[in-house]
Number of protein chains: 2
Amino acid sequence: MLRISKMTDYAVVLATHLAATSGPHAARDLALQTQIPEPTASKVLKKLARAGVVISQRGAKGGYALARRPEQIGINEVIEAIEGPIAVTECSDETTDSFCEYETNCGVRANWQRINLAVHRALSEISLADMAFPGTAELVSIALSGKDAERMRGAGTPNNDVH
Amino acid sequence: MLRISKMTDYAVVLATHLAATSGPHAARDLALQTQIPEPTASKVLKKLARAGVVISQRGAKGGYALARRPEQIGINEVIEAIEGPIAVTECSDETTDSFCEYETNCGVRANWQRINLAVHRALSEISLADMAFPGTAELVSIALSGKDAERMRGAGTPNNDVH
DNA sequence: ATATATCGGACCGTTTCAGTCCCATATTTG
DNA sequence: CAAATATGGGACTGAAACGGTCCGATATAT
């Protein structure tokens, strides 16, 4: 079930990259830095912009930047920006209330909702700051709120212990 | 992302129905009772059997029954029986370690794993008994644990968790 | 005015999904 | 033994979604 589409993976990578570097970036730069094909990266960034995860600046010297601070953006926002609202079974689609005469089926449906809630919560508890700087989220993200983000990226995260 | 396929939905409905009724059921009966097209239901049941969620009896008077008691089967088993092991990004595929030169990408990957763990745990904490009898899981499932379900599970062995 | 860069959607090849069908195999029954 | 029943394992197909590309329109800085 938990099949992460490529597009969603790209979105997370791009958003994480934005969180790690700060400042406006053109789609082309981001594509190069993340090794994602340029048109595809552009498409993903558009969706992120429309969902309010990033803000965009058109025209010369334009580009993308995070809409909020990294620690205030949950991964669920990034994921839902690409895949749309978390969809369950099509029984939860209100338009077709066709064959819910069997109470077992609708008991099932109620539990699907519970499952989704749990998943949604798990995702929203992981911020872009966690993704960009695992382990030292607060410290680093505060540190790079200024201009020296690029040196930060070049030096790498000092102590990223993945578990 | 959390896109539940129709097949998986069927699997949950069928498994829940088995949990609610007990005893062996032919695929055709289950299909009728759950309003699922018969060939499709059969296909789903086969997968559930191969995954060890249900046990099957071939030949005349054959059919399907749960492999274990409803409260001992997690929803994650049913889901994974249909959709295969929980897949993340294809970066976790070991065969192609292509472009993980950028540490941000692999930081992302490590976090995907964390997300999946959370989801997996949330799913495994919901049993088929919860699905079949929400609120009164223990009582009811104990009440129907006897009967002809034992016959299918193997007449002589009193407490087999075979799969 | 011109260069830059996003916005919006069209387009297309490939893959996956949902569903059906067939034959082999196993088991019960007469 | 033979016939009837019911699952096992795939093959097959039409429809939909996915991944990726491209183009014209629009907005902005120089």
Side-chain angles (χ1 to χ4, degrees), chain A residues 1-14 18 23-32 34-65 67 79 81-84 87 89-91 93, chain B residues 1-14 18 23-32 34-65 67 79 81-84 87 89-91 148 151-152 154-155:
Chain A
M1 65 78 51
L2 214 155
R3 165 87 58 75
I4 299 297
S5 73
K6 244 178 194 174
M7 288 298 187
T8 303
D9 187 34
Y10 291 160
V12 173
V13 170
L14 286 168
L18 278 175
H25 292 278
R28 184 150 59 103
D29 297 342
L30 289 169
L32 289 175
T34 57
Q35 303 273 74
I36 297 171
E38 185 179 335
T40 301
S42 178
K43 189 180 191 176
V44 170
L45 287 166
K46 287 177 201 171
K47 288 193 176 183
L48 288 176
R50 194 182 299 189
V53 176
V54 304
I55 52 178
S56 62
Q57 176 83 345
R58 290 221 246 185
K61 300 254 180 188
Y64 294 95
I79 293 174
I82 305 300
E83 312 232 4
T89 165
E90 66 185 13
C91 184
D93 177 10
Chain B
M1 86 147 321
L2 214 157
R3 164 87 58 73
I4 299 297
S5 75
K6 243 180 196 172
M7 288 299 189
T8 303
D9 188 32
Y10 292 161
V12 173
V13 171
L14 287 167
L18 279 175
H25 293 276
R28 180 146 42 116
D29 297 342
L30 289 169
L32 289 176
T34 56
Q35 304 272 75
I36 296 172
E38 185 180 333
T40 302
S42 177
K43 188 179 191 176
V44 170
L45 286 166
K46 287 176 200 171
K47 288 194 177 182
L48 288 176
R50 194 182 298 189
V53 175
V54 303
I55 53 179
S56 62
Q57 176 83 342
R58 290 222 242 183
K61 298 256 179 187
Y64 294 95
I79 293 173
I82 306 300
E83 312 230 4
T89 162
E90 66 184 13
C91 182
D148 35 14
R151 181 168 61 108
M152 284 253 347

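Throughout, protein chains are lettered first and strands after them, A, B, ... in sequence-line order, and every chain is numbered starting at 1.
Of the residues listed (Leu30(A), Val54(A), Leu14(A)), the one engaging His25(A) in a side-chain contact (heavy atoms from CB on, under 4.5 Å) is Leu30(A), and it is the only one.
For Arg28(B), a side-chain nitrogen or oxygen approaches OP1 or OP2 of dA6(D) to under 4.0 Å. Contact annotation: Gln57(B) side-chain N/O to dT5(D) OP1/OP2 distance is not under 4.0 Å. The side chain of Ser56(B) places an N or O atom within less than 4.0 Å of a non-bridging phosphate oxygen (OP1 or OP2) of dG8(D). Side-chain nitrogen and oxygen atoms of Arg50(B) include none within less than 4.0 Å of the OP1 or OP2 phosphate oxygen of dT7(D). Proximity of Lys6(A) to the phosphate of dG20(D): a side-chain N or O atom is located under 4.0 Å from OP1 or OP2. Under 4.0 angstrom from either OP1 or OP2 of dG20(D) there lies at least one side-chain N or O belonging to Tyr10(A).
You'll find a donor-acceptor pair under 3.5 Å spanning the side chain of Arg58(B) and the base of dT25(C), going by distance alone. Within 3.5 Å, a donor on the side chain of Lys46(B) pairs with an acceptor on the base of dG9(D), or the reverse.
Residue Ala26(B) has its side chain nearest to dT7(D) when only dT7(D), dA10(C), dG19(C) are considered. Nearest to the side-chain atoms of Lys61(A) among the listed nucleotides dT21(D), dT30(D), dT28(C) stands dT30(D). Looking at the side chain of Ala27(B), the nearest of the listed nucleotides dT7(D), dT29(C), dG9(C) is dT7(D).
The closest side-chain heavy-atom distance from Gln35(A) to Val13(A) is not below 4.5 Å. Side chains of Glu38(B) and Ser42(B) form no contact here, defined as non-hydrogen atoms less than 4.5 Å apart.
When the nearest nucleotides of DNA chain D are assigned to Pro39(A) and Gly59(A) by heavy-atom distance, the more 5′-ward of the two goes with Pro39(A).
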